[in-house]
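Let me begin by presenting the structure, written as structure tokens, before commenting on it.
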Amino acid sequence: SFFRNISYLGKPSSAGVFAMVYLVIVIVVRYTTDTYPPLEKPIHFDHNWTVAFGAIPVICFGFQCHVSAVPVYHALSKRSVKRFAGVVALAMATNTLLYTLAGAFGALSFHDGTCSDILLNYEPSDKAITAGRVALAFNIVTSYPILHYCGRAAFFDLYVRIRKLPPVADELDEEPSGERIRRYIATCVWLVASLVIAINVSDVKKVIEPFGGLAACFIFAFPGLCLFNVALDHTAVRGRRRQAAVATGALFLV
């Protein structure tokens, strides 16, 4: 979290992905090798379909990878839209596969008794599952600095604008005076605040309820405003491309 950019997090993040792959493999292997009661009838949910809209804040709060899109693109060795699109497609495909396998085989193993945290369904003495818990913790540790970097960058941008200081570029070999101290202080304050919240808030729903709507703004409203800005302020975007950008931005905002 103390680094100036996220290019240093490439290897730790890759290790975090492999840690999650291990955890999913354990869940699948446990279902295929252990004896679980067969599913006698399909699992039905009697809730009204409108209840699904209540899950939108949860989904928006859980999927924050788009916030890191700009710094991830900046960290690519050979930056191009095509290369970045490939990275995004591979990441989304990997996440979809891992989430689907973990959810499906967890539900097939424990049926209606499946906990929201599927690892709670397994015995504490299961060494493979214990290693999976460690892998999950490692993945969270490697994911935290990426999102923290985005928040710190937004805070520094606001600070620079208020103080009317020259913008800080990651490519500069020499750090501006005081930039390293500000980075260390902001990172420590952010980490302590996160620990205090994690210790005192026992239910993650209490965090999702007030901030889920804000997360939805990042997913829908912010990209829509960016498209409007591209369409209206950039002379290179004209004709049908401008119309498409405006229409897509309006769709996101609505």
Are [X] and [Y] connected in the hydrophobic side-chain network, where two residues link if heavy atoms are under 4.5 Å apart?
X: Val134; Y: Tyr22; value: no
X: Tyr184; Y: Phe155; value: no
X: Leu136; Y: Val141; value: no

Nearest 0.5 Å, please: how far is [atom2] in [Y] from [atom1] in [X]?
X: Phe18; Y: Leu23; atom1: CZ; atom2: CG; result: 15.0 Å
X: Ile129; Y: Ile118; atom1: CD1; atom2: CD1; result: 8.0 Å
X: His148; Y: Leu191; atom1: NE2; atom2: CG; result: 8.0 Å
X: Thr32; Y: Phe105; atom1: OG1; atom2: CZ; result: 7.5 Å
X: Asn200; Y: Ile197; atom1: CG; atom2: CD1; result: 9.0 Å
X: Asp126; Y: Leu119; atom1: CG; atom2: CG; result: 10.0 Å

By side-chain contact (heavy atoms from CB on, under 4.5 Å), which residues pair with [X], not counting sequence neighbours?
X: Ser14; result: none
X: Tyr73; result: Leu76, Arg79, Phe84
X: Ala19; result: Ala135, Phe138
X: Leu158; result: Ile162

Listed partners of Thr130 passing side chain to side chain donor-acceptor pair (under 3.5 Å), at least two apart: none
Holding to side chain to side chain donor-acceptor pair (under 3.5 Å), I want the full list of residues that pass it with Asn121, two or more places apart in sequence or in another chain. none
Note: with side-chain heavy atoms under 4.5 Å as the link, the other cluster members for Val192 come out as Val196
Compare every heavy atom of Arg83 with every heavy atom of Lys78, then report the nearest pair and how far apart it is. O-CD, 2.7 Å
Closest non-hydrogen contact found for Ile27 with Gly106 is CG2-N, 4.3 Å
